[in-house]
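Computed from a predicted model, the values in this text were never measured in an experiment.
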Amino acid sequence: MKMKVIDLKEGYRIVDDVKGLTKYPIVPKKTIVTEEIIKVLEAFSIEEVNVEEIRNRKTDYRNIQEKVREKEAEPSQKINNERNTFFRQYLKTVKSYKNQFTSWQAGVPIDINNVRRNMIPLINALEENPIQLLLLQNYVKKIDYLFHHAVSTGLIAAYIAKRLNLEKGDIIQIALAGCLSDCGMAKLNPIIFQKERLTETERIEVQRHTQYSYKMVKDIPSLNPSAKLAVFQHHERLDGSGYPMGEKGDRIHLYTKIIAISDVYHAVVCDRIYKEKKSPFQALEILNYEQIGQFDLKIVKTFTNSISSFSLNEYVKLSTGQTARIIYINHHYPTRPVVKIEENGEIISLEENKQLFIKEIIP
């Protein structure tokens with residue numbers, strides 16, 4: 001039935017896609033109407049929509065409200081405790097990796113059991129509190145970027161593998177491979193890590209880290225051949241533009257494809273000596289659009305949808321400096337959600353206002 005937006009109430013279901021100026025709907029069909037959805041419709045000056053009343057209204061409405069308002073209903077102390085628990089485990093793992101890295105520089109072999117003991121609890125903690133994926137970059141100090149990057153790459157890769165419904169054994173192998181993919185950096189001159197610009201000779205030497213990494217992991221019995229291959233291949237790209245072999249398409253292993261996305265994403269969102277960080281949403285746009293063809297699109301979409309889904313109700317800083325809250329995510333444009341400006345209550349679609357972008361996630 002047709003209903004005026006001004007008369008719309010929570011608990012109805014949108015029957016038809018609500019169209020805007022683009023080919024994708026503002027609100028897709030089958031969306032449950034909530035207060036925030038009503039605000040989105042009003043923001044786009046939609047006057048009338050086709051809706052149906054939910055038969056089992058109480059049950060269906062309660063379920064959708066629990067998801068949408070989860071963060072608001074949950075005590076802030078509980079959220080802080082969960083985040084602090086993750087933070088402590090994360091820093092412990094980074095410290096352990098840093099200590100091992102120092103020993104690798106001295107020629108000591110990798111203690112894979114130590115890596116596993118630290119990574120598995122961290123993976124489990126992330127599964128319980130996935131919003132941490134949006135905040136990993138906030139923990140990084142430039143001077144220790146290399147160690148944070150190793151742990152975060154393995155962690156992000158494990159999360160993506162989980163979302164792809166891979167087996168538990170594969171998830172662990174991917175996490176370990178991601179964490180160890182840059183272990184060969186221990187064989188480089190440490191001065192390289194402090195330089196803003198590299199000479200061509202230094203750049204070539206840095207690219208050799210994939211080979212050094214492979215040599216360091218190739219004799220570890222508990223790493224399977226796919227994980228070892230991923231360590232060697234993690235800078236390969238589907239279009240052949242990567243290194244060390246310039247492999248293309250199906251010659252690049254699934255493990256590699258997952259780790260490559262994790263590696264680039266975390267590098268983009270972090271402050272480094274030679275590059276300023278970007279927000280998670282900007283990093284996802286780079287993977288989805290600017291570097292299209294280099295990465296597996298299915299994996300990129302899975303990662304993008306995962307991150308955007310639990311960013312709902314998170315506070316962000318816009319490129320204008322304003323603070324806003326994410327109130328709606330269009331699955332066709334997950335990196336450009338609808339936000340509500342805190343200062344004045346204005347609702348803005350970042351898809352309709354492309355000059356604006358999310359600059360930072362506010363913890």
Side-chain angles (χ1 to χ4, degrees), residues 1-75 79 130-131 133-134 162-165 281 284-285 288 297-298 300-316 318 324-342 344-354 356 358:
M1 61 181 172
K2 294 286 186 179
M3 182 176 287
K4 297 287 186 182
V5 171
I6 58 174
D7 298 324
L8 198 57
K9 298 178 181 180
E10 293 182 326
Y12 284 88
R13 182 187 291 116
I14 303 292
V15 174
D16 301 319
D17 289 338
V18 180
K19 300 286 188 177
L21 298 177
T22 67
K23 64 179 181 179
Y24 296 116
I26 296 170
V27 179
K29 61 183 179 181
K30 298 184 179 180
T31 297
I32 302 295
V33 175
T34 64
E35 288 182 9
E36 303 293 12
I37 293 299
I38 294 172
K39 291 177 181 178
V40 169
L41 293 170
E42 291 173 343
F44 283 93
S45 301
I46 304 299
E47 297 181 356
E48 188 178 68
V49 292
N50 193 13
V51 298
E52 62 182 358
E53 189 169 5
I54 301 170
R55 291 182 180 179
N56 193 358
R57 180 170 174 158
K58 290 184 178 179
T59 301
D60 284 6
Y61 180 60
R62 184 169 61 250
N63 289 340
I64 194 68
Q65 287 296 78
E66 285 176 356
K67 292 179 181 179
V68 171
R69 296 175 178 172
E70 184 179 15
K71 292 184 180 65
E72 295 178 353
E74 193 171 16
I79 294 174
I131 190 63
L133 276 181
L134 286 173
K162 176 71 173 180
R163 299 283 76 78
L164 291 172
N165 297 316
F281 290 92
L284 291 172
E285 288 195 333
N288 277 278
L297 188 58
K298 176 185 174 182
V300 170
K301 293 298 183 186
T302 297
F303 183 44
T304 301
N305 290 334
S306 295
I307 281 195
S308 61
S309 66
F310 53 70
S311 67
L312 190 66
N313 286 325
E314 286 297 309
Y315 286 89
V316 298
L318 301 180
R325 181 167 63 89
I326 297 175
I327 64 169
Y328 177 72
I329 297 168
N330 185 331
H331 67 277
H332 290 295
Y333 297 110
T335 62
R336 303 196 65 81
V338 176
V339 299
K340 180 179 180 180
I341 306 298
E342 284 297 292
N344 56 24
E346 182 182 2
I347 294 175
I348 298 175
S349 165
L350 298 185
E351 173 56 30
E352 298 290 323
N353 294 270
K354 289 186 167 53
L356 300 179
I358 294 173

J.: Should V338 and N330 be marked as a side-chain contact (heavy atoms from CB on, under 4.5 Å) after you check the CA-CA gap, both sets of side-chain angles, and the distance that decides it?
T.: CA-CA 8 Å; V338 176; N330 185 331; over 6 Å; no

J.: Do L312 and P337 come within less than 4.5 Å of each other through their side chains, counting heavy atoms only?
T.: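 Side-chain contact under 4.5 Å: no.
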
J.: Kindly indicate, with the supporting measurements, whether the criterion side-chain contact (heavy atoms from CB on, under 4.5 Å) is fulfilled by I347 and K340.
T.: CA-CA 4 Å; I347 294 175; K340 180 179 180 180; 4.3 Å; yes

J.: The criterion is side-chain hydrogen bond (donor to acceptor under 3.5 Å, both in side chains); which residues satisfy it with D16, sequence neighbours excluded?
T.: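 With neighbours one apart ignored, the set is N50.
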
J.: Residues two or more places apart in sequence or in another chain: which of them pass side-chain hydrogen bond (donor to acceptor under 3.5 Å, both in side chains) with K301?
T.: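 Expected list: N288.
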
J.: How close do I46 and V5 get, heavy atom to heavy atom, and via which atoms?
T.: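 Closest pair (atom of I46, atom of V5, distance): O-CG2, 3.1 Å.
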
J.: Checking P334 now: which residues fulfil side chain to side chain contact (heavy atoms under 4.5 Å, CB included) with it, not counting sequence neighbours?
T.: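 With sequence neighbours excluded, P334 shows a side chain to side chain contact (heavy atoms under 4.5 Å, CB included) to T304, N305, S308, I329, given in chain and number order.
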
J.: Go through the structure and list residues passing salt bridge (Lys or Arg N to Asp or Glu O under 4.0 Å) with E52, not counting sequence neighbours.
T.: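 Testing E52 for salt bridge (Lys or Arg N to Asp or Glu O under 4.0 Å), a comparison that skips the adjacent residues, returns R13.
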
J.: What's the separation between atom CD in E35 and atom CD in E10, rounded to the nearest 0.5 Å?
T.: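 Answer for the CD-CD pair, E35 versus E10, is 4.0 Å.
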
J.: Who are the side-chain hydrogen bond (donor to acceptor under 3.5 Å, both in side chains) partners of T31, not counting sequence neighbours?
T.: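 Result, side-chain hydrogen bond (donor to acceptor under 3.5 Å, both in side chains) vs T31: none returned.
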
J.: Which residue in the set L350, L134, I326 passes side-chain contact (heavy atoms from CB on, under 4.5 Å) when paired with V316?
T.: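 The side-chain contact (heavy atoms from CB on, under 4.5 Å) with V316 is passed solely by I326 among L350, L134, I326.
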
J.: List the atom of T302, the atom of R163, and the distance in Å for their closest heavy-atom pair.
T.: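 Closest heavy-atom pair between T302 and R163: CG2-CB, 3.6 Å.
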
J.: For N165, check side chain to side chain contact (heavy atoms under 4.5 Å, CB included) against everything at least two apart and list the hits.
T.: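 Side chain to side chain contact (heavy atoms under 4.5 Å, CB included) check on N165 returns nothing, list empty.
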
J.: Look at atom NZ of K2 and say whether more than 12 heavy atoms of other residues, nucleotides or ligands are closer to it than 6.0 Å.
T.: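 Counting other residues, nucleotides and ligands, NZ of K2 exceeds 12 neighbours.
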
J.: Compare all side-chain heavy atoms of K29 with those of D17 and state whether any distance is below 4.5 angstrom.
T.: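 Yes. Closest side-chain heavy atoms under 4.5 Å.
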
J.: Between CG of L356 and CG of L318, what distance do you get to the nearest 0.5 Å?
T.: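 Atom-to-atom, L356:CG and L318:CG are 6.5 Å apart.
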
J.: Among residues at least two apart in sequence or on other chains, which ones pass ring pair (Phe, Tyr, Trp, His ring centres under 6.0 Å) with F281?
T.: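 Testing F281 for ring pair (Phe, Tyr, Trp, His ring centres under 6.0 Å), a comparison that skips the adjacent residues, returns none.
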
J.: Taking atom CD of E352 and atom OH of Y333, what is their separation to the nearest 0.5 Å?
T.: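 Here the rounded value is 8.0 Å.
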
J.: Working to the nearest 0.5 Å, report the span between CD1 of I32 and CD1 of I37.
T.: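 I32 CD1 to I37 CD1: 10.0 Å, rounded to 0.5 Å.
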
J.: To the nearest 0.5 Å, how far apart are OG in S311 and CG in L133?
T.: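 Spacing of OG (S311) from CG (L133) equals 11.5 Å.
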
J.: Could you tell me the separation between the CE atom of M3 and the NZ atom of K9, rounded to the nearest 0.5 Å?
T.: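 Taking CE in M3 and NZ in K9, the distance rounds to 7.5 Å.
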
